Amino acid sequence: MTSQSCLSQSQKQQQFSKKRRPLLTSLLSLLVLIGLCLPLAACDDERNTSSKSSNTKYAAEFGPESAKSTLSLVSGSENSALEPLLDRFAQKEGVRIGVDYLGSLDIMRLLQSDTFPYDAVWPASSLWIALGDEGHRVKDMESISITPVIFGIRDSLAEELGFKDRDVFVRDILEAIQAGKLRFTMTSATQSNSGASAYMAFLYALLGNPSTIEEQDLDDETLQKEITELLSGVERSSGSSNWLVDLYVSGNYDAMVNYEALVISANQRLSEAGKETLCAIYPKDGLSLADSPLGFVADNGVAGRKQEEQEELFLKLQNYLLSEDSQDFIRSTGRRTDMLSAPKGYESVFRSDWGIDLERTLTVMRMPKAEVIRKSLDLYQSEFKKPAYNIYLLDFSGSMYGEGNEQLIKALEAIMIEKNARQNLLQASSKEVNVFYRFSDQVGLIGRATGSGQGLEDLYSEIKSNQPEGGTALYSAVKAALEEISQIDLSLYSPAIILMTDGQPSAGIRFGELEEYYEATDIDVPVFSILFGDAVEADMDKLAEMSRARVFDGRGNLVEAFQKVRGYN
């Protein structure tokens with residue numbers, strides 16, 4: 001891939017033409033703009049999709065049922081806001097468009113596979129194509145929209161902090177966190193593009209805006225101390241930028257780091273609900289952009305594919321998305337389409353009273369080499385991010401006998417055996433606490449371990465020796481976990497309860513009693529569920545709604561399910 005700037009004057013001139021425009025490609029040698037992502041969604045999983053085969057039932061399909069041609073895309077969920085454009089194109093051309101929505105790291109890993117079961121790729125940022133496309137199969141890449149990653153801070157708090165109507169630097173944000181005046185929500189840097197972009201921008205700013213970040217810079221003790229302190233301000237984490245908006249709107253938080261477009265989306269919802277809106281803050285020295293690249297994947301390894309025909313159809317779609325009418329629609333969703341001029345006529349979307357600043361010059365950082373990015377993400381997961389306090393509730397009831405129990409043990413192998421966990425960025429940080437309870441008719445503590453390594457592996461061996469039997473005291477297990485978490489200092493940890501079960505509660509307390517206890521504790525602890533065996537989802541959905549959490553399916557791709565869960569804490 002050649003490195004081309006998508007911010008050239010020629011791009012501005014071609015913005016509304018059907019010529020394809022250059023974009024931010026090979027981020028290993030390119031300027032990448034690090035900030036907050038796209039309108040109406042982040043570049044991560046919003047739907048519980050998993051890697052699909054080439055004949056999959058797509059998460060979204062458009063066009064006539066009788067269509068003879070189908071173009072398959074894998075995309076970041078932020079692009080779900082543009083589904084009306086895909087549908088219009090499909091109807092106009094008489095073709096089918098199939099879209100699966102995956103997280104940024106999922107897309108990266110899929111690009112590294114020999115078989116890529118899609119015709120085209122459309123992540124939030126070129127970063128993930130640059131890191132994943134080791135075989136250089138992605139071609140005809142064009143930026144469909146551009147959006148910065150920013151802070152959205154409660155308007156009154158932004159006023160109190162003195163952040164309104166002036167340049168705000170990352171160190172200003174750090175000082176507010178150190179003073180106990182600011183906490184924020186953010187997506188995981190190892191799961192979501194918006195989180196990764198913001199995190200890399202933080203590093204860049206705290207290092208004093210070097211020409212690029214070098215591997216030895218990450219060993220600087222002052223940097224390590226400051227980035228750890230900054231990330232200690234993360235109150236809740238998420239694996240999805242879209243879901244982060246849902247979390248913020250439904251909760252009681254100070255701020256969120258997200259795409260500018262999603263800050264706009266959040267403010268629209270907050271305003272409709274009569275709640276305080278967010279003030280958009282653009283860190284002067286720590287801003288990045290997502291360039292929304294759409295590229296065709298050649299030689300994708302799918303047998304029988306008519307590549308020339310698929311590429312021709314792809315180019316038609318790409319030109320359609322770059323047409324004037326389509327770009328108008330894209331701007332109406334809160335996305336930018338040109339960094340050289342402000343979108344005129346959309347003042348009701350890009351509202352200045354929300355701090356949305358279209359006249360601001362957005363400075364850029366040079367993205368480091370791939371090995372530096374990987375080391376940065378590894379350090380985030382293992383050292384820098386706020387340590388988790390995870391309580392795993394393991395279902396050893398009789399209904400888990402057989403396949404359910406086998407799936408559970410295999411899942412634990414992915415996170416408790418260090419070599420497996422590190423391979424998929426699931427390793428525990430040095431200060432992370434992991435606690436394991438088993439439950440059937442009764443609830444019992446198995447043990448706890450701090451950090452990764454032998455302690456977790458010893459617990460794994462003990463867990464394997466347990467056999468399923470008896471009833472399912474599911475809600476009693478959750479209550480026991482809440483009782484333990486209520487005794488710890490939550491300012492030091494990101495707490496989470498991770499329930500690994502097939503549901504089907506049949507013993508212990510009922511949901512109503514648990515819900516009453518949860519509300520009485522007044523602590524913000526998510527209860528995530530990973531489903532196994534013949535799972536019944538209804539009970540897990542109630543727990544997720546109660547605690548502003550999510551339900552994940554562990555019956556397919558176990559590693560993927562854990563990656564998603566870990567993205568939320």
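These figures come from a predicted structure and were not determined experimentally. Only this structure's heavy atoms are used, side chains among them; waters, hydrogens and symmetry mates stay out.
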| Can you tell me how far the CG atom of L73 sits from the CG atom of L294, to the nearest 0.5 Å? | 6.5 Å

| Test side chain to side chain contact (heavy atoms under 4.5 Å, CB included) applied to T450 - qualifying residues, sequence neighbours left out | V433

| task | Report yes if some heavy atom in the side chain of S80 is under 4.5 Å from a heavy atom in the side chain of N242; otherwise report no. | result | yes

| field | Side-chain donor/acceptor of Y380 to backbone N/O of M200, under 3.5 Å | value | no

| Do the rings of F202 and F151 sit parallel, tilted or perpendicular, given the 30° and 60° boundaries? | tilted

| request: Determine, stepwise, if the pair E260 / R336 fulfils salt bridge (charged side-chain N to carboxylate O under 4.0 Å, His left out). | output: CA-CA 9 Å; E260 178 187 64; R336 303 177 186 224; 2.6 Å; yes

| note | Closest non-hydrogen atoms of N434 and N390, given as atom of the first, atom of the second and distance, are OD1-ND2, 3.1 Å

| message | Would you compute the distance between atom OG of S292 and atom CD of E78 and round it to the nearest 0.5 angstrom? | response | 6.0 Å

| request: Give the C-alpha distance, both sets of side-chain angles, the deciding distance and a yes or no for side chain to side chain contact (heavy atoms under 4.5 Å, CB included) between M108 and L131. | output: CA-CA 7 Å; M108 179 194 76; L131 291 178; 3.7 Å; yes

| Side-chain heavy atoms of R374 within contact of L377, under 4.5 Å | no

| Do you know which two heavy atoms are closest between Y101 and S77, and how far apart they sit? | CD2-CA, 3.5 Å

| field | Expected output: side-chain R548 to main-chain D524 donor-acceptor under 3.5 Å | value | no

| field | Side chains of S271 and N267, donor plus acceptor under 3.5 Å | value | no

| message | If the condition is side chain to side chain contact (heavy atoms under 4.5 Å, CB included), which residues does E347 pass it with, not counting sequence neighbours? | response | none

| remark: Sorted by chain and number, sequence neighbours left out, salt bridge (charged side-chain N to carboxylate O under 4.0 Å, His left out) with D165 holds for none

| request: Go through V170 and L230 one step at a time and tell me if the side chain to side chain contact (heavy atoms under 4.5 Å, CB included) criterion holds. | output: CA-CA 9 Å; V170 169; L230 194 154; 3.6 Å; yes

| request: Please report the closest heavy-atom contact between V349 and W354, naming both atoms and the distance. | output: O-CZ3, 4.2 Å

| remark: What one should report as the nearest heavy-atom pair of S125 and D291 is CA-OD1, 3.3 Å

| Under the side-chain hydrogen bond (donor to acceptor under 3.5 Å, both in side chains) test, which residues partner S491, sequence neighbours left out? | D489

| task | Return the orientation label for the Y493 and Y389 ring planes: parallel under 30°, perpendicular over 60°, tilted otherwise. | result | perpendicular

| Taking it one step at a time, do D254 and I153 satisfy side chain to side chain contact (heavy atoms under 4.5 Å, CB included)? | CA-CA 6 Å; D254 288 341; I153 301 177; 5.7 Å; no

| query | Taking only residues two or more places apart in sequence or in another chain, which ones pass side-chain hydrogen bond (donor to acceptor under 3.5 Å, both in side chains) with S156? | reply | R154, E276

| field | K181: side chain to side chain contact (heavy atoms under 4.5 Å, CB included) partners, not counting sequence neighbours | value | L161, A179

| message | Any non-hydrogen side-chain atom of R269 less than 4.5 Å from a side-chain atom of V245? | response | yes

| task | Sequence neighbours left out, what pairs pass salt bridge (charged side-chain N to carboxylate O under 4.0 Å, His left out) with at least one residue falling in residues 201-210? | result | none

| said: Can you pull out every side-chain hydrogen bond (donor to acceptor under 3.5 Å, both in side chains) where at least one residue sits in residues 218-235? Sequence neighbours excluded, please. | reply: R171-E226, Q178-E229, R183-E235, D219-K375, K225-E229

| Side-chain H-bond candidate by donor/acceptor type, S194 with S197, under 3.5 Å | no

| From S265 OG over to L278 CG, what is the distance, rounded to the nearest 0.5 angstrom? | 11.0 Å

| request: Would you mind reporting whether L111 and W128 have side-chain heavy atoms less than 4.5 Å apart? | output: no

| said: When you compare the side chains of R331 and T337, does any donor N or O come within less than 3.5 Å of an acceptor on the partner? | reply: yes

| note | The salt bridge (charged side-chain N to carboxylate O under 4.0 Å, His left out) partners of D357 (sequence neighbours excluded) come to R360

| said: Please check: side-chain N/O of S250 versus main-chain N/O of L247, any donor-acceptor pairing under 3.5 Å? | reply: yes

| query | Do Y118 and N300 have a side chain donor and acceptor closer than 3.5 Å? | reply | no

| field | Sub-4.5 Å side-chain heavy-atom contact between I177 and F184 | value | yes

| message | Quick check: do L203 and I213 have side-chain heavy atoms less than 4.5 Å from each other? | response | yes

| request: Drop me the distance from Y199's OH to T187's OG1, to the nearest 0.5 angstrom. | output: 13.5 Å

| said: Taking ring pair (Phe, Tyr, Trp, His ring centres under 6.0 Å) as the cut-off, I'd like each qualifying pair that reaches into residues 211-235, sequence neighbours left out, listed once. | reply: none

| task | Over all heavy atoms of both residues, which pair between S547 and V525 is shortest? Give the atoms and the distance, please. | result | CB-O, 3.3 Å

| query | Who passes side chain to side chain contact (heavy atoms under 4.5 Å, CB included) against R137, sequence neighbours left out? | reply | F116, D133, V297

| note | Between the CH2 atom in W122 and the CG atom in N79, the distance rounded to the nearest 0.5 Å is 4.0 Å

| query | Does atom CG of D353 have more than 12 heavy-atom neighbours, drawn from other residues, nucleotides or ligands, at distances under 6.0 Å? | reply | yes

| message | With side chain to side chain donor-acceptor pair (under 3.5 Å) as the criterion, how do S240 and S238 come out once you've worked through the C-alpha distance, each side chain's angles and the decisive distance to 0.1 Å? | response | CA-CA 5 Å; S240 162; S238 166; 5.1 Å; no

| Close side-chain approach of E371 to E215, heavy-atom, < 4.5 Å | yes

| remark: D172 meets the side-chain hydrogen bond (donor to acceptor under 3.5 Å, both in side chains) criterion, sequence neighbours left out, with R166

| request: Take Q327 and I330 through the test side chain to side chain contact (heavy atoms under 4.5 Å, CB included) and record every step on the way to the result. | output: CA-CA 5 Å; Q327 294 282 292; I330 288 171; 3.5 Å; yes

| query | Minimum heavy-atom separation for Y248 to Y253, with atom names? | reply | OH-O, 3.3 Å

| request: Could you tell me the separation between the CG atom of L157 and the CD1 atom of I281, rounded to the nearest 0.5 Å? | output: 9.5 Å

| Is a side-chain donor or acceptor of S326 paired with a backbone partner of L322 at a separation under 3.5 angstrom? | no

| query | Hey, are the side chains of F314 and D119 touching, using non-hydrogen atoms and a 4.5 Å cut-off? | reply | no

